[in-house]
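Let me begin by presenting the structure, written as structure tokens, before commenting on it.
Numbers here are sequence positions counted from 1.
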Amino acid sequence: MNFLTLDYLKNGSEIQKRIHFVLEKHHIFDKLKEYNPILTGTFPININIEKSDLDIILESDDLIKAQDFIINEFQNEKDFETHFCKINGVDSLVCNFTIEEFPVELFAQNIPTKLQNAYRHMIIEYEILEQEGEEFRKQIINLKEKGWKTEPAFTELLGLKGNPYLELLNYTK
């Protein structure tokens, strides 16, 4: 599965097709192209729940400039807000807004998007879902509906101990 473009969404579930339509209609990835955007999280791997948002990771060596660009492009969207934070010691930019019915989170770091943990986690989760099958996927969704975050849900079902975010990165069957 190639998650680096949005093409896979066109032939996916009804919600994935809708996401593709909305992202294309609003030119979200075209606007963000200089930041190498990748849609990550639960929607690409079909474990989304009602409260899921569209997680789009970005790479930028100048987070202030990226924030200025994002403000310029998206400030008029519903629920718009942006802030800086540190994630695992890495300076990060987070921007949230709503586009049509979808909450969106843009997340930027000075790390290539394919090397960011959100993408790496998603690829590992996708591989696990492919190996473990439909019943496992349903169990993940069930835990998420009970309030579990994605990575802890995976590590719980896999019987892994320790920090779920690190354990998942090191997972091998």
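Between the side chain of D62 and the backbone N or O of I64, at least one donor-acceptor pair lies under 3.5 Å.
Separation of the F136 and F154 ring centroids falls under the 6.0 Å cut-off. Checked against a 6.0 Å centroid threshold, the rings of F69 and Y35 count as neighbours.
Using a 4.0 Å cut-off between charged nitrogen and carboxylate oxygen, E100 and K25 count as a salt-bridge pair.
Defined by atom type and a distance below 3.5 Å, a donor-acceptor pair is present between the side-chain atoms of Q109 and S92. K144 and T150 share a side-chain donor-acceptor pair at under 3.5 Å.
I28 places a side-chain heavy atom less than 4.5 Å from the side chain of I56. With contacts defined as side-chain heavy-atom distances shorter than 4.5 Å, the pair L129/I45 qualifies. With contacts defined as side-chain heavy-atom distances shorter than 4.5 Å, the pair L63/N110 does not qualify. E167 is not listed as a side-chain neighbour of K161, based on a closest heavy-atom distance of 4.5 Å or more. Using a 4.5 Å heavy-atom threshold, the side chains of I140 and L157 count as touching. F97 has its side chain out of reach of D79: every pair of non-hydrogen atoms, C-beta onward, lies at least 4.5 Å apart. Side-chain atoms of V22 and R18, non-hydrogen and from C-beta on, do get closer than 4.5 Å to each other.
Atoms CD and OG1, from E77 and T98 in turn, are 9.0 Å apart once rounded to the nearest 0.5 Å.
A search for salt bridge (Lys or Arg N to Asp or Glu O under 4.0 Å) contacts involving K17 returns E14, not counting sequence neighbours.
Each of L54, N96, I70, D55 was scored for a side-chain contact (heavy atoms from CB on, under 4.5 Å) with L106, with one residue passing: I70.
Y165 and I47 are members of different hydrophobic clusters when ILVMFWY side chains are connected at heavy-atom separations under 4.5 Å. Under the 4.5 Å side-chain heavy-atom criterion for grouping Ile, Leu, Val, Met, Phe, Trp and Tyr, F3 is not connected to L115 through any hydrophobic cluster.
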